[in-house]
Structure formats: structure tokens, C-alpha cells
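The next block holds one structure in the form of C-alpha cells; read it before the comments.
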Amino acid sequence: MENLFRIDTLSSAMPLIFAGILLLILIISFRSRAVVFCQYLEAMTGIRLKPSDVRRVYREKGRNGVRELFLDLIIREDLKDGPIDPEDTLSRRVVKSSSHQVVE
């Protein structure tokens, strides 16, 4: 039974080293979720948000709280642009993905 847990060579330590590397990658990916969310939000909408704010909302209200924060920020940003004219033909254009034809 003693030999089962003994690590004598580098080749016997490789599975543990690999598991440690995977654990490190997992921890880094979970820690960077708020940063990635803020980068996505800024790239797609122009809204700047701090990762610490996202972490705080997630800690206090969970996933739904972050969703509410996101929707609130999107609505506020849209209201800055003013009303949208429903008769505007550019906003009603739809592109068919298979034939790339514009349908109005």
C-alpha cells in the first residue's frame, strides 16, 4: 500500500503535475468571468463597467442580479439615443443568411 502513493520518478509525477495545471486554469477562468463580461459589454454596447461591480452584484443577487444590471444598462444606453422611427426602412431590413438577399 505504501508504494501506491509514492512518487519516485518524474513520469509518475506527471499526472499530478497535469492535474495541478488544469486546476490552475480552472481557477483563472472562474476569476476572469467578470473581466470578460465587462470587455464584452464595452465592445458590443460601449458601456464601461468595472469587474468589481459585476462581482459585487453577482455575490449579492446572483445570476439574475447580473442579468438585471445588464438589461438596466442596455435600456439606459438606448434611451440616450432617443426614439426610433418605426418607418425607417434601414431598421426593418432583414438579411437571409442562406442567399444573402435583403428582404424588406
Side-chain angles (χ1 to χ4, degrees):
M1 191 62 138
E2 254 179 56
N3 291 336
L4 185 62
F5 296 106
R6 185 181 298 171
I7 300 173
D8 293 330
T9 63
L10 183 62
S11 63
S12 63
M14 287 307 270
L16 287 177
I17 294 170
F18 185 68
I21 291 170
L22 288 178
L23 181 64
L24 181 68
I25 291 171
L26 183 67
I27 291 170
I28 290 170
S29 68
F30 274 104
R31 294 287 299 163
S32 65
R33 287 183 298 172
V35 174
V36 171
F37 176 76
C38 292
Q39 289 172 348
Y40 167 78
L41 186 64
E42 185 176 359
M44 298 306 276
T45 64
I47 299 171
R48 296 193 80 156
L49 191 61
K50 295 178 184 175
S52 59
D53 293 337
V54 176
R55 284 188 199 104
R56 180 183 46 78
V57 170
Y58 185 79
R59 188 174 44 249
E60 292 173 1
K61 299 179 182 178
R63 215 169 140 185
N64 289 333
V66 175
R67 188 177 295 128
E68 289 173 11
L69 174 67
F70 176 73
L71 291 174
D72 184 50
L73 291 171
I74 292 293
I75 290 169
R76 287 176 192 238
E77 189 68 24
D78 282 347
L79 290 175
K80 288 180 185 177
D81 294 337
I84 298 173
D85 183 14
E87 297 299 320
D88 186 17
T89 58
L90 294 176
S91 66
R92 298 188 322 172
R93 286 186 174 186
V94 178
V95 177
K96 288 185 179 179
S97 61
S98 61
S99 63
H100 297 294
Q101 295 176 347
V102 176
V103 177
E104 295 189 47

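Computed from heavy atoms alone, side chains included, the values below leave out hydrogens, waters and symmetry copies. Keep in mind it's a predicted model, so treat the numbers as computed, not measured.
The hydrophobic cluster containing Met44 also includes Tyr40, under a criterion of side-chain heavy atoms closer than 4.5 Å among ILVMFWY residues, counted directly or through chains of members. Side-chain heavy-atom separations under 4.5 angstrom define the hydrophobic clusters, and the remaining members of the one that includes Phe30 are Leu26.
Rounding to the nearest 0.5 Å places CD1 of Ile75 at 7.5 Å from CG of Leu79. Arg76 CZ to Leu71 CG: the interatomic distance, rounded to the nearest 0.5 Å, is 12.5 Å. How far CD1 of Ile47 is from CG of Leu41: 5.0 Å, rounded to the nearest 0.5 Å. Distance check, rounded to the nearest 0.5 Å: CD1 of Ile21 to CG of Leu16 gives 11.0 Å.
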Show the numbers, then the answer: is there a side chain to side chain contact (heavy atoms under 4.5 Å, CB included) between Lys50 and Asp53? CA-CA 5 Å; Lys50 295 178 184 175; Asp53 293 337; 3.7 Å; yes

Identify every side-chain donor-acceptor pair in residues 54-69 under 3.5 Å, counting partners at least two apart or on other chains, and give the distances.
from: Asn64; atom 1: OD1; to: Arg67; atom 2: NH1; distance (Å): 2.7

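Proximity of Val36 to Arg33: side-chain heavy atoms (C-beta onward) are nowhere separated by under 4.5 Å.
Counting all heavy atoms, side chain and backbone alike, Ala34 lies closest to Pro51 at CB-O, 3.7 Å.
When atom types are taken as modelled, the side chain of Ser32 and the backbone of Ser29 share a donor-acceptor pair closer than 3.5 angstrom.
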